[in-house]
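In what follows, a single structure is set out as structure tokens and then discussed.
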Amino acid sequence: MTKKWKKYLYLYWKIQLQNMKSLMQYRADFLMMICFTTFSQFCSLAVIGIIYSNIPQVAGWNMWEVLFLYSFLLFSEGCINFFFQGTWKIAEMINMAELDRFLVRPVPMGLQLLTARIDFDGLNKMVIAAAIFLLGCTHCSVQWTPGKIIILFIFLLEACIIRTGMIWIASCMSFWLGGNKNSLNFFIISVGEIAKYPLNIYPLLLRGIFTYAIPYAFVSYYPVGYLLEKQGMWPGVYITPLICVIMLAAASYALHRGLARYESSGN
């Protein structure tokens, strides 16, 4: 089992390395993408700044704490874009019958789909998220200890697993929806914009949706609330590992069920 996973990690690295080389051939596109990402994140931060310049606190959260929250969301989004951007191409590959060449390779389908594409935009987002996180930390009263630092990295890993699982499941719906576009994954990302703010500012119905249906609460709200020592965060923190397992199991199930009905119809 250990040898098999080492082999998969090696294959993942080699495939992604080739993806990086191909992207670096178009340096102008790379620089434009970096500039666009930086500008779009600057606009998002400007909105938060405008809101909190008029309202000191929202539901007990100040601007720096919301930036702390925002950094978790942005980091998990960057993780998807850089490491698992292939999930966005599933609809296109189904429509163009590109999955055929994956099916005949002696490599797991999931690994091939994850590495079908890489996007340096994600790396830029992770760097920006780290800068926002450090900025938020300097203005928040977080007592950092070795244990809390370890917990921080666990929370970031869990956030990436949950968010990748959400996009993966939404993208796999392309096996049933058909067409060369899948609006579900874009819907999931768009809904994440609402999760930039504390969950407790929304009505009870939206809280339930973001906790149980589209679990963005476990990506940022509960882990950040725990680090900031907000009240009522313990139940969410304890449930988060279970949510990760559920998302991984659901993602695997969605792929296998989708492949079972794949007919290689082409365009």
Side-chain angles (χ1 to χ4, degrees), residues 1-38 40-41 71-131 153-172 174 182 185-186 188-189 192 219 244 247-248 251-252 254-256 258-259 262:
M1 182 66 70
T2 303
K3 290 183 178 179
K4 182 174 71 174
W5 283 105
K6 285 183 178 179
K7 175 185 176 182
Y8 292 160
L9 288 174
Y10 175 77
L11 288 173
Y12 173 88
W13 163 248
K14 298 299 288 186
I15 296 172
Q16 292 290 49
L17 185 61
Q18 298 305 312
N19 288 333
M20 292 180 194
K21 290 179 179 178
S22 64
L23 276 182
M24 291 302 293
Q25 295 296 319
Y26 306 96
R27 298 183 181 180
D29 290 347
F30 169 74
L31 293 175
M32 289 177 62
M33 182 171 52
I34 295 297
C35 292
F36 175 77
T37 302
T38 304
S40 64
Q41 297 308 318
S71 67
F72 265 67
L73 284 168
L74 185 59
F75 184 87
S76 60
E77 183 178 337
C79 177
I80 296 171
N81 293 153
F82 187 69
F83 294 106
F84 311 118
Q85 182 68 359
T87 56
W88 288 92
K89 293 189 65 178
I90 291 178
E92 178 185 340
M93 288 187 287
I94 292 173
N95 183 253
M96 301 300 295
E98 292 183 15
L99 291 185
D100 294 2
R101 58 189 175 91
F102 291 165
L103 290 171
V104 298
R105 292 175 179 173
V107 179
M109 175 63 74
L111 177 61
Q112 295 185 75
L113 290 175
L114 289 175
T115 56
R117 182 179 177 185
I118 194 170
D119 196 340
F120 280 112
D121 171 62
L123 183 60
N124 189 34
K125 287 180 179 178
M126 287 189 284
V127 172
I128 295 173
F153 284 104
I154 293 174
F155 284 162
L156 288 173
L157 177 61
E158 291 174 338
C160 293
I161 290 173
I162 293 172
R163 198 151 191 205
T164 302
M166 286 192 287
I167 297 298
W168 180 265
I169 293 168
S171 296
C172 283
S174 300
N182 181 354
N185 45 22
F186 291 100
I188 295 296
I189 287 293
V219 175
C244 290
M247 295 303 296
L248 289 173
S252 177
L255 176 62
H256 283 88
L259 288 174
Y262 176 65

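Worth knowing before you read on, the calculation uses all heavy atoms, side chains too, and leaves out hydrogens, waters and symmetry mates.
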Measuring from atom CG of Leu255 to atom CG of Leu113, what distance do you get when rounded to the nearest 0.5 angstrom?
6.0 Å
Verify side-chain contact (heavy atoms from CB on, under 4.5 Å) between Leu99 and Ile90, making sure each step is shown before the conclusion.
CA-CA 9 Å; Leu99 291 185; Ile90 291 178; 5.7 Å; no
Checking Asp100 against Tyr262 for the side-chain contact (heavy atoms from CB on, under 4.5 Å) test, could you report, in this order, the C-alpha distance in whole Å, the side-chain angles of both residues, the deciding distance, and whether it holds?
CA-CA 10 Å; Asp100 294 2; Tyr262 176 65; 2.8 Å; yes
Taking all non-hydrogen atoms of both residues into account, name the closest pair between Gln16 and Phe82 and its distance.
NE2-O, 3.9 Å
By ring pair (Phe, Tyr, Trp, His ring centres under 6.0 Å), which residues pair with Phe155, not counting sequence neighbours?
Tyr226
Intermediate values then yes/no, side-chain contact (heavy atoms from CB on, under 4.5 Å), Ile169 and Ile188
CA-CA 10 Å; Ile169 293 168; Ile188 295 296; over 6 Å; no
Output the distance between atom OG1 (Thr115) and atom NZ (Lys14), rounded to the nearest 0.5 Å.
13.5 Å
Of all residues at least two apart in sequence or in a different chain, which pass the side-chain contact (heavy atoms from CB on, under 4.5 Å) check with Leu73?
Arg163, Ala195, Lys196, Tyr216, Val219, Ser220
Side chain to side chain donor-acceptor pair (under 3.5 Å) partners of Glu158, counting only residues at least two apart:
none
Holding to side chain to side chain donor-acceptor pair (under 3.5 Å), I want the full list of residues that pass it with Thr87, two or more places apart in sequence or in another chain.
none
Please round to the nearest 0.5 Å and tell me the distance separating atom CG of Leu259 and atom CG of Leu103.
6.5 Å
Output the distance between atom CD1 (Ile162) and atom CG (Leu157), rounded to the nearest 0.5 Å.
9.5 Å
How long is the straight-line distance from OG1 of Thr164 back to CG of Asn81, given to the nearest 0.5 Å?
9.5 Å
Output all residues satisfying salt bridge (Lys or Arg N to Asp or Glu O under 4.0 Å) with Arg101, sequence neighbours left out; order by chain, then residue number.
Glu98
Using only atom types and a distance under 3.5 Å, with no angle test, would you say the side chain of Ser171 pairs donor to acceptor with the backbone of Trp168?
no
Quick one: does any side-chain atom of Tyr12 pair with a main-chain N or O of Phe83 as donor and acceptor, under 3.5 Å?
yes
So how far is it from Met126 CE to Ser76 OG, rounded to the nearest 0.5 Å?
10.5 Å
Could I get the full list of ring pair (Phe, Tyr, Trp, His ring centres under 6.0 Å) partners for Tyr8, not counting sequence neighbours?
Trp5
Can a donor-acceptor pair be found, under 3.5 Å and without considering hydrogens, that links the side chain of Ser252 to the backbone of Leu248?
no
